[in-house]
Amino acid sequence: AAAAATAATGSTILRKVPRRMASLLELKEIFRNADAVCFDVDSTVIKEEGIDELAKFCGVGDAVAEMTRRAMGGSVTFKAALTARLGLIRPSWEQVQKLISDHPPQLTPGIRELVSRLHQRGIQVFLISGGFQSIVEHVALQVNIPTANVFANRLKFYFNGEYAGFDETQPTAESGGKGKVISHLKEQYHFKKVVMIGDGATDMEACPPADCFIGFGGNVIRKQVKEKAKWYITHFDELLKELEER
């Protein structure tokens with residue numbers, strides 16, 4: 001009976017299905033014709049979370065992981081959570097450099113090829129991260145993204161190299177900061193179509209002003225993002241194929 005009802009009203013039902021599908025097709029179209037693609041870094045371009053790695057390296061991994069869990073609950077602002085965690089870690093300049101040299105960030109499989117392909121198509125690539133400039137710039141160099149295209153938080157140090165806080169004026173130090181960076185890029189470069197790719201809620205919230213959000217679950221799956229993202233991938237090969245086919 002259900003099949004008969006579907007057949008009888010097929011014209012109206014069929015009209016509704018493509019409309020829902022079109023949203024994904026439209027997102028794929030935007031991605032293929034983007035002016036710029038912006039990537040989150042932690043758990044997206046790299047496999048780990050930079051602040052957690054820094055905390056482990058400085059011997060306060062468990063305490064900071066607990067703070068991160070509480071922050072994920074949304075009861076504190078991003079800046080308050082960052083201030084508290086860094087206040088516990090208090091990384092010196094030397095410790096940050098040693099972390100990069102001894103435990104360099106591990107790139108997510110497929111990211112090098114994807115960035116290279118985007119560049120070949122004349123699409124600009126940016127890294128927008130709540131992580132730290134020195135670590136993110138190191139990542140940018142590994143995937144041939146100019147350091148001028150990096151937006152991240154800047155740690156501050158005293159002349160003797162001791163931790164002196166972080167630059168609170170950076171947009172990435174605030175909740176909603178990634179969206180502010182994308183708005184800035186649109187104004188500065190007159191981009192019409194900007195794509196944001198990331199694993200977390202802060203990445204998803206950057207759309208709009210981004211014209212398309214692609215959820216990434218290759219390293220960690222955030223339930224909320226997986227459920228809400230219209231386009232969700234678990235490997236960068238899926239995006240490479242999207243570029244190769246057209």
Under a 4.0 Å N-O cut-off, is there an ion pair linking Lys56 with Asp62? no
Among residues at least two apart in sequence or on other chains, which ones pass side-chain hydrogen bond (donor to acceptor under 3.5 Å, both in side chains) with Asp35? none
Is there a donor in the side chain of Thr147 and an acceptor in the side chain of Glu137, or the other way round, less than 3.5 Å apart? no
Under 3.5 Å, is there a donor-acceptor pair between the side chain of Asp203 and the main chain of Asp199? yes
Just wondering, are more than 12 heavy atoms of other shown residues or ligands nearer than 6.0 Å to CD in Gln97? yes
Output yes when a side-chain donor or acceptor of Lys193 lies under 3.5 Å from a complementary backbone atom of Asp211, and no otherwise. no
Treat each ILVMFWY residue as a node, draw an edge where side-chain heavy atoms are under 4.5 Å apart, and state whether Leu88 and Trp93 are in one component. yes
Are any of the side-chain heavy atoms of Met204 and Lys228 separated by less than 4.5 Å? yes
For the atom pair CD (Glu174) and CG (Asn153), what is the distance rounded to the nearest 0.5 Å? 9.5 Å
Grab the two heavy atoms, one from Gly130 and one from Lys178, that are nearest each other, plus how far apart they are. N-CE, 4.2 Å
Between Arg117 and Glu244, is there a side-chain N and carboxylate O pair less than 4.0 Å apart? yes
Might you work through the side chain to side chain contact (heavy atoms under 4.5 Å, CB included) test for Ile128 and Asp40, ending with a clear yes or no? CA-CA 5 Å; Ile128 307 178; Asp40 168 52; over 6 Å; no
Roughly how far apart are Lys241 NZ and His235 NE2, rounded to 0.5 Å? 8.5 Å
Hey, does Asn144 have a side-chain heavy atom less than 4.5 Å from the side chain of Val115? no
Passes salt bridge (charged side-chain N to carboxylate O under 4.0 Å, His left out), Glu242 versus Arg32? Steps please. CA-CA 7 Å; Glu242 202 58 46; Arg32 284 194 302 273; 2.8 Å; yes
Under 4.5 Å between any side-chain heavy atoms of Pro105 and Glu48, yes or no? yes
Answer yes if the ring centres of Tyr163 and Tyr158 are under 6.0 angstrom apart, and no otherwise. no
Evaluate the side-chain proximity of Ile89 to Ile51: yes if any heavy-atom separation is below 4.5 Å, no if none is. yes
Determine the minimum heavy-atom distance between Thr44 and Gly198, stating which atoms define it. OG1-CA, 3.6 Å
Would a single hydrophobic cluster contain both Met196 and Tyr189, if residues Ile, Leu, Val, Met, Phe, Trp and Tyr are joined by side-chain heavy-atom contacts under 4.5 Å? yes
Does a side-chain heavy-atom distance below 4.5 Å link Phe39 with Phe236? yes
Hey, what's the ring geometry for Phe31 with Trp231, parallel, tilted or perpendicular (30° and 60° as the breaks)? perpendicular
Could you state the interatomic distance from NZ (Lys186) to CD1 (Ile182), rounded to the nearest 0.5 Å? 8.0 Å
On a heavy-atom basis, the closest approach of Val225 and Ala201 is CG2-N, 3.7 Å
Does the side chain of Asn219 pick up a donor-acceptor pair with the side chain of Thr108 at under 3.5 Å? yes
Tightest non-hydrogen contact, residues Ala206 and Gly179, listed as CB-N, 3.8 Å
I want to check something: taking the side chain as every heavy atom from C-beta on, are Phe213 and Tyr232 in contact at a cut-off of under 4.5 Å? no
How long is the gap from SG on Cys58 to NZ on Lys98, to the nearest 0.5 Å? 11.5 Å
Residue pair Gln170 / Ala152: nearest heavy atoms and the distance that separates them: OE1-O, 3.8 Å
Does Gln95 reach the main-chain N or O of Ser92 with its side chain, forming a donor-acceptor pair under 3.5 Å? yes
Under the side chain to side chain contact (heavy atoms under 4.5 Å, CB included) rule, what do Arg154 and Ser134 come out as? Steps first, then yes or no, please. CA-CA 8 Å; Arg154 295 173 185 273; Ser134 46; over 6 Å; no
Does Thr169 have any side-chain hydrogen bond (donor to acceptor under 3.5 Å, both in side chains) partners at least two apart in sequence or in another chain, and if so, which? Asp167
Which distance, rounded to the nearest 0.5 Å, do you find between the CD of Glu94 and the CG of Leu99? 12.5 Å
Any Phe151 side-chain heavy atom under 4.5 Å of Leu185 side chain: yes
Parallel, tilted or perpendicular for His103 and Phe57, by the 30°/60° rule? perpendicular
Any chance you could measure Leu155, atom CG, to Phe166, atom CZ, to the nearest 0.5 Å? 9.0 Å
Shared hydrophobic cluster, Leu107 / Val136 (ILVMFWY, side-chain heavy atoms < 4.5 Å): yes
What do the steps show when you test Ile233 against Ile214 for side chain to side chain contact (heavy atoms under 4.5 Å, CB included), and what is the final call? CA-CA 7 Å; Ile233 62 166; Ile214 303 171; 4.0 Å; yes
Of all heavy-atom pairs linking Pro209 and Ser183, the shortest is CG-OG, 3.3 Å
What do the steps show when you test Ile197 against Cys38 for side chain to side chain contact (heavy atoms under 4.5 Å, CB included), and what is the final call? CA-CA 6 Å; Ile197 301 173; Cys38 303; over 6 Å; no
Within the side chain of Ser116, is there an N or O that forms a donor-acceptor pair under 3.5 Å with the backbone of Arg112? no
Using side-chain heavy atoms (C-beta onward) and a distance below 4.5 Å, is Val41 in contact with Phe132? no
With a sphere of 6.0 Å drawn around CD of Glu113, does it hold more than 12 non-hydrogen atoms of other residues, nucleotides or ligands? yes
